[in-house]
Structures are given as C-alpha cells and as structure tokens.
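Notes follow once the structure below has been shown.
Sequence lines set the chain letters: A, B, ... in the order given, protein chains first and strands last, and positions in each chain run from 1.
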Amino acid sequence: MGVNSDAAAVYGHKLSTVVPGSVSGETVVHELADMDLVMKLHYVRTVYYFQQSETVDGLTIVDLKKPMFRWLTSYYPVTGRIRRTEAGRPLVKCNDCGVRIVEANCCRTLEEWLQVPHSARWRPLVPDKVLGPDLRFSPMVYVQFTKFQCGGMAIGYSWSHVLGDPVAGTNCINLWGQLLAGNPPPKSLLPHSARTPTARPARQPPVSATPLSVKQVEPAGDLWLIADACKMATDSITITESRLKHLQSEKLNSVPAFEMISALFWHCLASVRRGGREPRVVTICRHKPRAKKCAELSNEQMISTVSTSHASPADLDLAELALLVSKQKVDETTLVEESIDGDGGKPDFVVYGANLTFVDMEGVDLSGLDIKGEKPVQVDSVIDGVGDEGAVLVFPQGADAGGGSKGPAAVLILPEDQILKLREVLKREFDMA
Amino acid sequence: MTGAPLPLFSSSVKLKYVKRGYQHLVDNFVTFLSIPVMVAVGLELARRGPQEIVGLWRALELDVIHILCSVFVIVFVATVYLMSRPRPVYLVDYACYKPPSNCRVPFSAFMEHTRLINSDEKSVQFQMRILERSGLGEETCLPPANHYIPPRPTMEASRAEAQLVIFSAIDDLIRKTGLKPKDIDILVVNCSLFSPTPSLSAMIINKYKLRSNIRSFNLSGMGCSAGLISIDLARDLLQVHPGSNALVISTEIITPNYYAGNQRSMLLPNCLFRMGAAAILLSNRRRDARRAKYRLVHVVRTHKGADDRAYRCVYEEEDAEGHTGISLSKDLMAIAGEALKSNITTIGPLVLPMSEQLLFFFSLVARKLINPKRKPYIPDFKQAFEHFCIHAGGRAVIDELQKNLELSAEHVEASRMTLHRFGNTSSSSLWYELNYIESKGRMRRGDRVWQIGFGSGFKCNSAVWKCLRTVKTPVDGPWSDCIHRYPVHIPEVVKL
C-alpha cells in the first residue's frame with residue numbers, strides 16, 4: 001500500500017469553525033514572548049486513536065463540538081489570529097476567529113489502519129496546515145475527527161508551536177476531553193490572562209556568542225514553513241523496560257532514562273552518518289514543570305547543547321556519551337531568547353533539527369485525553385517543520401497509552417533512509433527491534 | 001415677513017409654550033367647549049328652580065307607551081352599537097428565541113469564511129466594508145449549517161433550524177402563559193424564504209398535537225413585514241370567531257438562503273440576516289383581558305407593489321452564474337421613504353391628536369394653495385406614541401426613519417440595539433425590540449407602541465399597541481443575560 005493510497009483512504013472532508021462561547025473583548029491581544037517567536041516555524045501534530053465502542057459510536061459531531069465553546073472561552077487566545085505590530089513583531093489578536101474543525105471518513109478499519117507504517121499513518125488524519133501565506137486568516141489550531149469503517153475514531157490535533165510548547169498543547173486538548181465527559185471546568189483552572197504589551201528594550205543581537213542550538217534561516221515572511229526541508233519520515237521505537245534497565249545497569253545506573261536514550265540514539269545515528277555530517281553537537285530540549293491545571297500558553301523550554309570535542313560520538317562508549325549528556329549540558333535558553341530582536345521579532349530560527357535534537361516529552365500528558373472515560377488505544381505525536389538534522393522525541397511512558405506500560409518510546413523524525421539504517425544499527429549492536 | 005419660514009420661529013422658546021397651549025386647547029377642545037355649556041345649563045336649572053322643571057316635564061305629556069318605546073329605541077341603538085364594535089384583540093404574551101452561544105458568528109470568523117468560500121477578491125472586500133458599517137455586534141448567530149466552509153444548506157438542515165427556533169419559542173411561550181396546546185384555535189405562521197411540504201404550520205401541529213379543527217395558515221414569500229401581516233390576519237380571524245385565541249409565529253429560516261455568488265447587490269442579506277423567531281399569543285376572550293400585556297389598536301398595511309420600481313426593489317433571482325440570491329436595488333431607501341409616507345398618511349388620522357392633525361392640514365393647504373416650495377410639516381408622532389419599534393433591517397433603514405420621523409436617539413435605541421445583538425432577524429425583529437423596551441423597564445400601563453415593518457413588495461406595515469399593565473423587570477427573554485450591557489455605543493465603522 002503506497003503512501004498515496006493511504007492518504008486517499010481518508011475522504012469526505014468537511015470544514016467548519018468553532019468559536020469561543022463568549023466574546024473575548026474588543027481589543028484583546030496575546031503578546032508573543034521571545035521564546036514563542038523562536039519556535040514559530042514548528043508545529044505539533046498528534047493523533048489519538050479510539051476503538052469502536054458504544055460511547056464512541058454514540059457521539060455525533062454536534063456532541064463533539066458542544067463542549068468546545070466552553071473550552072475555547074478558557075483558551076481564547078488559540079482562537080485568535082496573527083497580526084504584526086508596526087515594527088513587524090508578530091502577536092496574536094484575540095478576535096474569536098476560532099479553531100478549524102475537519103470531519104472525514106476512512107474506508108478502512110482502525111485495526112487495518114494501525115498496521116500502516118508510522119510515517120504514513122498519522123499524516124492523513126491531522127491537517128498538515130501551517131501559518132500562512134495569509135497570516136491574518138490562518139487558524140493556529142486544527143482538530144480533525146476521522147471515522148473508521150468499523151466505528152472507531154481518530155482525533156487529529158494540530159497545534160502551532162508559537163502558542164506554546166507540547167505540554168501546553170496537550171493540556172489544552174485534555175481540557176476539551178474533560179468538558180466532553182461532562183465535568184465542569186476545574187476550579188483551579190486559571191483563566192488565561194492575556195499578556196499586556198510591555199515595553200521591550202530594543203536589543204542588538206550579542207556579538208560575542210551565537211547560540212549553537214538554533215539555526216537562523218531565511219526570513220520566512222508570512223509563510224511560517226521551513227524552506228526547502230528534505231522530506232522527513234517518522235517512526236516510533238519502544239524501548240522495553242527490561243532493555244532500558246539492561247542498558248542502564250550495564251553502564252551506569254545513575255543516568256536517568258531520557259539521557260540514556262538520547263545517548264543511545266546519538267551513538268547509533270553517528271554511526272549511520274559516519275563519513276557524512278556527523279552530529280558532533282546535539283540540542284537537548286526539556287520542558288520546565290508547570291502547574292498542570294493552569295491554562296497558561298507559553299513556551300517553557302530549556303534548550304541546551306552537548307558537544308563532543310574531538311571524538312566522533314560513534315566511537316565513544318555509550319556510558320561516556322550518557323555521562324556527557326547528563327552532566328555537560330550547556331544551557332542556551334537565555335542566549336536563544338536574546339537573539340530575537342525586541343521590536344521586529346526577527347530573525348527566524350529553526351530549533352528542532354538545527355542540530356540533532358532530543359526532546360524530553362516528560363510532562364506531555366498524552367493519555368490525559370479521553371472520550372467520556374474511553375482512553376485512546378494508540379497515540380501518534382510528532383513535530384512538523386523539523387530541520388535537516390532531525391529530532392527524536394522521547395516519551396517517558398510509551399505512546400501506546402492502553403494495555404500496560406511497555407516502557408519509554410522514541411519518536412524519530414529523520415530522513416527515511418536514515419531511519420532504516422538506524423533500525424539496522426539498533427538491531428545489530430543493541431539487539432533492539 | 002410673508003416669506004419667513006416656520007422653523008425660524010420655532011427656535012424661539014416662547015413659541016414652544018405657544019405650541020403647548022395650542023396643543024392642549026385643540027386636543028381637549030370638546031372638554032373646553034362643554035364646560036361653559038354645562039355651567040350655563042347648571043345656572044339655568046338653578047335659576048328656574050325644581051318646580052318649574054317638574055312643570056316642564058308634565059307639559060311633555062308622556063305616557064307609558066311613549067316612555068317604553070323611547071327606552072326600547074335607546075336600548076336597541078345601544079345594542080347595535082355595542083355589537084358592531086370590533087372585538088378587542090389582546091396580546092396575552094410573546095416569546096422570542098434566544099440563539100445559543102454555540103451559533104455565534106464573530107466578525108473575524110465571518111470574514112475568514114467569506115474569504116475561503118468566495119474566490120472574488122472584490123466581493124470579499126465589499127462584504128468586509130458592509131460588515132464594518134453594518135451596526136451588528138459580535139454575538140449575532142447563524143444556524144449550524146452556515147458554520148461550514150462552504151455552507152451546507154440541505155433540506156434536513158433547514159428543517160432542523162426551523163424546528164429549533166420555532167419549538168424553542170413556542171415552549172417558552174407555553175411556559176410563560178400556561179397555554180395548553182389543545183386550546184389553540186388559530187395558528188398563523190410566517191416564514192418568507194423556506195416553505196417545505198408539509199408546511200411549517202403542519203410541523204407545529206404535528207409536534208404539539210394541536211386540535212384537528214384548528215384554523216391554520218402558512219404565509220410565505222411575504223418578506224420582512226410579514227410579521228405584521230400575520231397579526232392582521234389573526235386579528236381578522238378573531239373578529240369572526242368569538243372566544244378564541246390565536247398563536248402567531250414569525251420567523252425567517254437562514255439555512256437555505258446563503259448566496260454563494262459574487263454579485264454585489266445580492267451580498268447584503270448574507271452579511272445582515274441572522275437566526276431568530278418569535279411566538280405571539282393573541283386572544284379575544286374577556287378573561288384574558290385581565291392578564292394581557294397589550295391591546296391591538298390599529299393595523300395599517302400599505303402596499304406599493306403597483307409601482308414597478310417598488311415591485312422590483314427587493315427581487316429574488318439568479319445571477320449570471322446561476323446562483324440564486326435576493327437583489328436589493330439602489331433606490332431601496334427612497335422607496336422605503338415613500339412607502340413610509342403613504343403609511344403615515346393613513347395612520348396619522350387614526351393616532352395623532354387633533355392638534356397635530358390640524359397643523360398638518362393647514363400645512364398641506366398652505367403648500368397646495370400658497371407656496372408649493374414650503375417644507376412639508378412632519379407630524380410629531382412622539383405625541384401619539386411613547387415607544388417605537390422600527391424593523392431592524394439595517395443601519396440605513398433606522399437612520400432614514402429617525403430622520404424622517406424626527407425621532408430622538410432614545411426612541412430608536414431599541415431598534416439599534418436589537419440590530420447589534422441579534423442582527424436582522426427579519427419579521428421577528430419587532431418582537432426583540434419590544435422585549436428590549438420591556439427589559440429596560442420602560443413599558444408602563446397606558447403606553448402606546450408603534451411597530452413599523454418594511455418588506456419586499458414593497459410593503460410598509462404598521463401596528464399600534466396599547467400597554468395594559470406595567471411590565472416589571474427583570475423580564476424573562478432573550479435580553480435577560482445581556483440587558484445590563486446595553487445600550488452600547490455603536491461606532492460608525494468597526495475596524496476588523
């Protein structure tokens with residue numbers, strides 16, 4: 001089954017819009033912080049798969065849309081649209097323009113669909129739109145409901161990174177799930193306080209240090225898409241608990257799982273790319289912990305780099321590499337923020353994929369979305385708009401939310417040939433399927 | 001001094017008091033006349049003394065037969081008079097549909113949809129300009145089918161909208177009045193643009209299990225003024241059937257009528273028309289007189305269809321690409337003005353106090369005989385009515401009428417605010433406006449209300465109601481959760 005036929009299996013798209021139930025206000029504006037603008041060329045795409053059941057069958061599109069009006073009243077900035085200040089800096093005008101809803105059908109059953117390779121599986125089920133070319137009228141959030149032949153359903157959720165990091169994005173959709181189940185919005189949920197414009201001093205980019213973790217790209221203008229990116233494929237590899245313990249105990253058990261896994265993939269990808277562009281520097285992205293119930297929209301990442309000075313990572317021992325990752329991170333978060341010009345919001349950066357990037361998805365509550373108590377049987381979550389060096393998203397708990405914890409999962413976003421070679425290396429050297 | 005125009009004089013304060021005195025004199029002319037007469041008669045009687053009066057009586061030489069015949073004649077004349085008077089028609093209560101917030105259409109969403117559906121940049125810009133100047137707010141509502149890109153106007157969706165708006169309004173009315181569905185004698189439904197088979201009135205009869213001998217009527221195609229036409233029809237039926245009540249439903253179903261083309265004259269309805277419905281309970285039963293809110297005093301209908309220009313000014317047709325839409329001609333305002341003038345000419349004598357009528361008559365005579373260029377005297381309708389409900393057809397209509405009738409901002413506030421909060425809900429807009437006035441606590445016993453509707457044809461219809469009991473706030477209705485925010489200032493142009 002080719003990619004084309006997979007995409008063609010999803011048909012009958014119907015577009016509509018859902019707006020917040022209450023008027024947000026006359027001239028309400030959500031300011032975009034520097035870190036938001038750094039992340040603006042990336043998009044988080046997530047697909048939740050729900051099995052056929054009475055509950056899922058009984059839900060019509062009207063039932064699915066009904067809690068959205070209350071949901072969007074709490075999260076009204078996500079329904080806004082991008083505008084620019086006179087100096088050119090983007091901000092979000094909270095004009096209640098709404099989120100776009102897509103309804104589609106799939107002529108296959110859920111079971112059949114889950115057999116499709118990862119890369120081709122999630123794309124047809126979530127709108128792969130970006131912001132632009134007309135920024136003023138581009139929705140920042142999309143939700144797609146796809147009904148399978150058997151009665152199962154997939155919910156595709158597209159989130160623009162400029163609004164917030166994946167933690168904020170999943171908290172947002174999880175609230176919808178709670179409202180759908182009929183729960184009142186949690187009292188501790190702070191209504192989003194729109195940031196008021198603050199006087200920002202005009203900053204010159206620091207002459208001395210340019211951050212290694214990000215790459216400046218050609219001005220994206222009004223189309224927030226990475227220009228001429230090579231086509232990225234995706235894959236998901238689950239690392240069983242036993243295998244992880246084996247790796248950790250073999251080497252050093254003081255290294256936490258995320259660093260261990262990052263080191264593992266760094267090592268393997270280095271050997272895959274040997275002779276070509278070896279990843280001497282990698283970027284590590286972690287999310288700052290935030291109060292779970294808070295409706296804050298922000299990019300709370302800590303971006304750091306790790307570099308191997310002379311040796312190729314493929315030659316280094318896994319233990320050494322793991323130690324390097326956990327101990328010798330160079331925090332570049334502030335440096336990255338300061339690279340953004342206060343007035344114009346320029347220049348445009350790529351974060352994920354500028355170097356080989358490892359993203360710690362701890363705190364991203366993928367299992368938090370349920371349909372009236374029904375949990376998804378599978379969740380595919382990727383980041384779109386990743387640069388050429390690729391990225392690995394490490395989920396602490398496997399993305400198969402149902403059926404027992406299998407262990408952490410790594411979602412790879414790499415060129416297709418590299419993924420195949422990587423799998424070979426993993427099998428050969430570490431006996432991982 | 002001969003050519004001095006009247007307005008110059010009227011700016012002087014002294015003239016205001018003169019005018020007041022004149023009004024009191026003419027309006028209460030009969031009273032002023034009868035007082036001296038009664039005084040004279042009283043004096044004469046007192047002068048003559050009781051014996052003389054008895055003597056006068058004896059001189060008439062009346063006997064029993066004469067007396068009985070006279071009494072009989074008097075009773076007969078009185079009965080004929082009382083029987084031939086029209087039955088009073090009471091408005092017991094009414095209910096307006098409040099659209100839920102999940103049908104809300106903010107400006108930005110409307111514009112985005114328009115851009116996605118419409119390929120022609122010019123017509124998108126045109127619609128944006130209309131919306132900016134329309135006087136609509138951010139809370140007007142469209143039915144669920146219109147939230148799709150492009151809208152999906154299926155028959156099923158249209159019926160669903162009709163059921164939603166009409167049944168909600170009727171349920172509300174039943175709750176307010178305690179009306180029993182089996183008790184309804186007459187049913188009149190008006191919906192201009194959606195006319196399925198079986199009719200909307202049959203849909204209501206089916207849902208509420210109304211009686212099999214109900215007199216039901218379904219008026220379609222009669223435009224935005226059809227609400228008052230339905231009231232007129234119900235009133236006429238209530239004259240023929242004693243001890244009856246009538247349920248009148250006024251609505252406009254938006255789903256089937258989205259215009260998908262690019263012709264400018266047809267784009268206005270897309271921008272202005274919104275969801276709404278009203279259910280009104282009329283009765284001629286004496287026991288309802290105690291609890292009724294209003295009494296219907298007059299209904300005046302004016303039809304300018306005989307004039308070709310008026311007939312074609314609101315015209316449904318297909319454009320060059322085959323899309324059906326309602327085309328509004330450029331002289332719509334002028335025709336509306338003329339229709340209003342005709343209507344005023346008929347209604348004026350019925351409602352205006354004698355003082356205004358005399359002034360108007362003299363001004364007319366002066367224009368005809370002395371100076372044709374003299375400005376026509378516009379009768380002061382504020383003397384005749386406390387409240388005005390002008391069909392919220394659009395900002396231009398309300399502005400035009402405010403100017404023509406010389407109304408203050410407070411008089412047209414109900415119309416403007418209804419346009420802002422609910423948009424142009426066609427025939428039901430008059431009832432939203434009336435509800436606004438009640439919700440503001442301005443409706444007192446004895447107040448007179450003038451409802452003016454305009455519609456395709458070209459028609460101008462008026463209804464005059466008299467309030468029978470002061471309406472206490474808070475009023476249960478579509479304004480209940482937002483009346484505290486109104487009135488709002490509506491800017492000339494809203495920047496999108």
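Salt bridge Glu112(B)/Arg136(A): absent, no basic N to carboxylate O contact under 4.0 Å.
Of the atoms belonging to Arg70(A), not a single heavy atom falls under 4.5 Å from chain B. With a 4.5 Å cut-off on non-hydrogen atoms, Val23(A) touches chain B through its backbone and its side chain both. If you measure heavy-atom distances from Ser22(A) to chain B, the contacts under 4.5 Å come from the backbone alone. Heavy-atom distances place no part of Leu72(A) under 4.5 Å from chain B, backbone and side chain included.
The minimum heavy-atom distance between Phe69(A) and Asn102(B), with the atom names listed, is CE1-CB, 2.9 Å. Closest non-hydrogen pair, Asp96(A) versus Pro106(B), comes out as O-CG, 3.3 Å. In terms of heavy atoms, Gly21(A) sits closest to Ser101(B) at O-CB, 3.3 Å.
A donor-acceptor pair is defined here as one N or O able to donate and one able to accept, closer than 3.5 Å; no such pair exists between the side chain of Arg104(B) and the backbone of Val19(A).
In terms of heavy-atom pairs under 4.5 angstrom with chain A, the leader among His147(B), Arg115(B), Glu138(B) is Arg115(B). Between chain A and the residues Glu139(B), His113(B), Met111(B), the largest count of heavy-atom pairs under 4.5 Å involves His113(B). The choice from Ile101(A), Val18(A), Asp134(A), Val62(A) that makes the most heavy-atom pairs within less than 4.5 Å of chain B is Asp134(A).
Geometric assessment of Lys93(A) against the ring of Phe107(B) yields a negative cation-pi assignment under the 6.0 Å and 45° thresholds.
Atoms CD1 and NZ, on Ile149(B) and Lys14(A) in that order, are 14.0 Å from each other to the nearest 0.5 Å. In this structure, CG on Asn146(B) lies 12.0 Å from OG1 on Thr17(A), to the nearest 0.5 angstrom.
Around NZ of Lys176(B), the count of heavy atoms belonging to other residues, nucleotides or ligands within 6.0 Å exceeds 12. More than 12 heavy atoms of other shown residues, nucleotides or ligands fall within 6.0 angstrom of atom CD in Gln163(B).
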